[in-house]
2 protein chains.
Amino acid sequence: MNITLRQLRYFKALAEDLHFGRAADRCAISQPALSVQIRELEENLGVELFERQPRALRLTQRGEEFAERANPILQAVDELGDWAQTARGRGLSLLRLGIIPTIAPYLLPNFISALTEAHPKVDLHVRETVTPRLVDELLDGQLDAAIVALPLDEPALVETPLFTEEMVLIRPNTDQNATPVQLDTLASMRLLLLEEGHCFRDQAISFCNINPNRPGGGLDGSSLGTLVQMVGAGIGVTLIPEMAIDVETRSAPVCINRFDAPAPQRSIGLAWRASNPMGEMLNELADIVQKAAGRGEDQQPAA
Amino acid sequence: MNITLRQLRYFKALAEDLHFGRAADRCAISQPALSVQIRELEENLGVELFERQPRALRLTQRGEEFAERANPILQAVDELGDWAQTARGRGLSLLRLGIIPTIAPYLLPNFISALTEAHPKVDLHVRETVTPRLVDELLDGQLDAAIVALPLDEPALVETPLFTEEMVLIRPNTDQNATPVQLDTLASMRLLLLEEGHCFRDQAISFCNINPNRPGGGLDGSSLGTLVQMVGAGIGVTLIPEMAIDVETRSAPVCINRFDAPAPQRSIGLAWRASNPMGEMLNELADIVQKAAGRGEDQQPAA
DNA sequence: GATATTCATAGGTTTTAGTTATGGAGATCA
DNA sequence: TGATCTCCATAACTAAAACCTATGAATATC
């Protein structure tokens with residue numbers, strides 16, 4: 001009642017050999033098996049494809065037409081097999097990666113070159129937004145992986161820690177320079193923070209043990225760069241991750257203070273859906289990110 | 001070990017529904033059956049096509065690629081089914097018809113119009129040559145049918161008589177006109193014949209009971225038209241089938257004599273390979289030729 | 001007339017596909 | 001929190017499909 005690929009393959013062999021015995025050999029089946037399959041194909045179609053003469057077998061006109069349609073199908077199926085073989089062996093082809101904004105600008109340049117070095121053909125799509133969106137899009141299947149601050153505490157996601165980074169205090173140049181500070185001295189300063197939604201804001205708040213209600217008097221910055229400029233203008237102080245130091249403090253009259261141990265720090269990791277069958281490759285991706293961060297030695301398991 | 005169309009159909013259903021239960025319903029199988037087939041497809045390919053999450057099923061990147069390749073294949077197979085349905089119902093599409101030269105010019109005009117009336121879309125290829133070639137090409141599968149003089153006596157061929165036609169004597173105008181002649185009076189005349197190979201030559205020879213060795217002194221004509229012209233020039237007399245009278249005697253100074261009964265006649269029929277599955281249609285074709293000959297009432301079975 | 005070639009058919013076996021029953025893991029709800 | 005529900009996977013068994021060997025019929029060949 002239904003055409004099968006097997007029948008099409010047998011038909012093709014018979015159409016080429018025009019001899020049941022030889023065609024059956026080529027198909028590695030017995031002659032009666034071929035006879036039956038061809039008969040069933042013709043019955044299914046309701047069309048006679050072969051003209052059986054006692055001595056000579058030949059395609060009917062309909063058989064010729066059928067061959068012209070059947071052969072491309074078989075070819076397409078073969079190509080599907082080839083595709084599978086390639087797909088099986090090959091690594092990433094498309095990587096839809098999310099990154100939080102407080103990491104993206106500092107990590108991406110290194111990461112992109114490391115990635116294209118390891119996987120020259122990969123097509124990278126980067127999505128830069130705050131963690132909750134990244135998590136949603138991961139769960140949704142819109143992203144393959146995301147670089148975020150750990151932990152996420154999403155049971156459907158796997159997290160692999162990449163590195164930890166310390167936070168540093170940025171103060172106006174007019175303040176006394178370069179002296180390590182204690183965390184608790186922060187409470188007395190006007191601390192400028194990122195807008196709500198950024199995980200870095202929450203981390204800063206929790207590290208400093210300060211009142212989460214507008215510690216900067218509503219003067220939230222939309223990026224670390226903005227915060228640093230604000231500090232340079234003498235409005236207050238801020239925290240930034242050490243990774244951002246080079247880029248952000250270059251053009252502002254600020255000084256950088258590291259904290260005394262134990263310095264506040266956060267763990268950055270790669271997350272993906274536990275069910276993603278590319279898991280193995282995403283582990284490899286984590287290695288690449290780690291190298292790109294140039295901080296493989298800092299790795300430490302997330303809590 | 002091998003992709004099947006069944007697997008592709010199931011894959012398509014699942015890729016569309018992204019739900020095993022519903023997709024299985026659509027395929028009219030149970031959910032476990034679908035599960036197994038999908039798993040086997042993935043194992044065959046060595047590629048995971050679906051990402052199974054507890055709540056949400058989704059195509060992997062590979063699965064998307066696979067769908068893009070599998071769907072056209074399924075579509076082509078469906079079209080193959082449509083083609084079969086059409087092919088089953090439809091009549092002739094290509095007709096490779098052979099005709100002997102002593103019939104062709106007189107029958108073809110009527111036949112072609114009758115054929116295109118009955119089968120407007122048919123593609124007609126006409127091959128005009130002598131009977132032995134036609135028979136060879138029929139047996140070879142180069143022709144579908146041929147209009148020839150019966151009997152052919154080829155076991156592999158079926159013959160259907162179409163009509164019989166009498167032969168008439170063509171004499172120069174200077175002879176006494178319009179008097180029916182006896183066959184045996186021919187022996188005394190110089191009879192002009194077609195070249196060797198034409199069945200009509202042999203038929204004329206046998207009808208007249210004359211010596212087959214060059215009765216015309218080597219003056220064989222290559223067509224009935226030539227023969228009539230030669231008669232008009234007073235070289236001798238000839239026989240032509242009555243069908244040819246109108247066309248061939250119009251422009252020559254000749255007169256036509258019918259024979260007394262029993263007049264010499266030949267049986268014209270349609271022949272095709274007994275093994276040709278279009279036999280039914282070729283019977284219909286015979287009817288069309290018969291009507292075209294305008295002599296359906298003359299039909300008589302071949303010996 | 002005997003033999004060989006070639007395809008079709010028949011009976012029995014193996015393989016494949018399908019069914020129902022069941023299990024487990026994660027959501028959902030009281 | 002435990003009970004229930006949804007959803008897919010697995011297992012054991014059954015039905016269907018595909019295949020093989022043996023054999024037959026028709027024709028060509030010696």
Side-chain angles (χ1 to χ4, degrees), chain A residues 1-11 13-44 48-60 63 139-140 153-158 273-277, chain B residues 1-11 13-44 48-60 63 139-140 153-158 273-277:
Chain A
M1 201 56 187
N2 236 326
I3 300 174
T4 66
L5 284 179
R6 177 184 271 127
Q7 287 171 343
L8 295 190
R9 291 211 183 85
Y10 291 176
F11 166 82
L14 186 58
E16 283 167 6
D17 283 353
L18 292 176
H19 185 287
F20 276 80
R22 282 191 291 276
D25 272 352
R26 280 212 301 154
C27 298
I29 58 171
S30 67
Q31 170 264 314
L34 181 64
S35 270
V36 169
Q37 287 297 322
I38 295 294
R39 176 163 53 76
E40 287 184 353
L41 175 60
E42 289 179 318
E43 280 173 5
N44 284 344
E48 292 191 70
L49 302 171
F50 292 96
E51 182 180 327
R52 287 131 170 108
Q53 271 186 321
R55 205 72 200 155
L57 190 71
R58 125 173 70 243
L59 278 169
T60 61
L139 293 174
D140 242 40
D153 207 34
E154 271 288 339
L157 298 182
V158 191
R273 285 185 305 285
S275 58
N276 191 329
Chain B
M1 201 57 187
N2 236 327
I3 301 173
T4 66
L5 284 179
R6 177 182 271 125
Q7 287 171 343
L8 295 189
R9 292 211 183 86
Y10 291 176
F11 166 82
L14 186 57
E16 284 167 4
D17 283 353
L18 293 175
H19 186 287
F20 276 80
R22 282 190 290 278
D25 272 352
R26 279 213 302 154
C27 299
I29 58 172
S30 66
Q31 171 264 314
L34 181 63
S35 269
V36 169
Q37 287 298 321
I38 295 295
R39 176 165 52 76
E40 287 184 355
L41 174 60
E42 289 179 319
E43 280 173 6
N44 284 344
E48 291 190 72
L49 302 171
F50 291 96
E51 182 180 327
R52 287 136 171 102
Q53 270 187 322
R55 205 74 201 150
L57 189 71
R58 120 173 74 245
L59 278 169
T60 61
L139 294 174
D140 243 38
D153 208 34
E154 271 287 340
L157 299 182
V158 192
R273 287 185 306 285
S275 58
N276 191 329

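Proteins get letters first, then strands, A, B, ... in listed order; numbering begins at 1 in each.
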- Query: To the nearest angstrom, how far is Glu51(B) atom CD from dG26(C) atom P?
  - Reply: 15 Å
- When the distance from CG of Leu8(B) to P of dA17(C) is rounded to whole Å, what number comes out? 13 Å
- Does a side-chain heavy-atom distance below 4.5 Å link Leu59(B) with Glu51(B)? no
- Show the numbers, then the answer: is there a side-chain contact (heavy atoms from CB on, under 4.5 Å) between Ile38(A) and Arg52(A)? CA-CA 12 Å; Ile38(A) 295 294; Arg52(A) 287 131 170 108; 3.7 Å; yes
- Item | Side-chain heavy atoms of Ile29(B) within contact of Gln37(B), under 4.5 Å | no
- Asp17(A) CG to dC7(C) C1': how many Å, rounded? 15 Å
- Item | Leu49(A) CG - dC7(C) P separation (whole Å) | 16 Å
- Specify the separation, in whole Å, of atom CG of Leu18(B) and atom P of dC8(D). 10 Å
- Phosphate contact (dA8(C) OP1 or OP2) by Ser35(A) side-chain N/O below 4.0 Å: yes
- If you find the nucleotide of DNA chain C closest to Leu57(A) and the one closest to Ala156(A), which residue's nucleotide is nearer the 5' end? Leu57(A)
- Query: Can you find a side chain N or O atom of Arg39(A) that sits less than 4.0 Å from OP1 or OP2 on dA8(C)?
  - Reply: no
- Task: Figure out the CG/P separation between Leu41(A) and dA8(C), and round it to whole Å.
- Result: 13 Å
- Is a side-chain N or O of Glu42(A) found less than 3.5 angstrom from the main chain of Leu49(A), in a donor-acceptor match? yes
- Task: Might you point out which heavy atoms bring Asp17(B) and Arg22(B) nearest each other, and give the distance in Å?
- Result: OD2-C, 3.6 Å
- In whole angstrom, give the distance that lies between atom CZ of Arg52(B) and atom C1' of dG24(C). 16 Å
- Query: Below 4.5 Å, heavy atoms only, C-beta onward: do Leu57(A) and Leu14(A) meet side chain to side chain?
  - Reply: yes
- Contact string for nucleotides 15-26 of chain D, one letter per nucleotide 5' to 3', B = base within protein heavy-atom range under 4.0 Å, S = sugar-phosphate only, - = neither, reads ---SSBBB----
- Item | Value in whole Å for how far the P atom of dC7(C) lies from CD of Gln53(A) | 12 Å
- Query: Under 4.0 Å between a side-chain N or O of His19(A) and OP1 or OP2 of dC7(C)?
  - Reply: yes
- Message: Determine whether a donor-acceptor pair (N or O, by modelled atom type, separation under 3.5 Å) exists between the side chain of Glu40(A) and the backbone of Gln7(A).
- Response: no
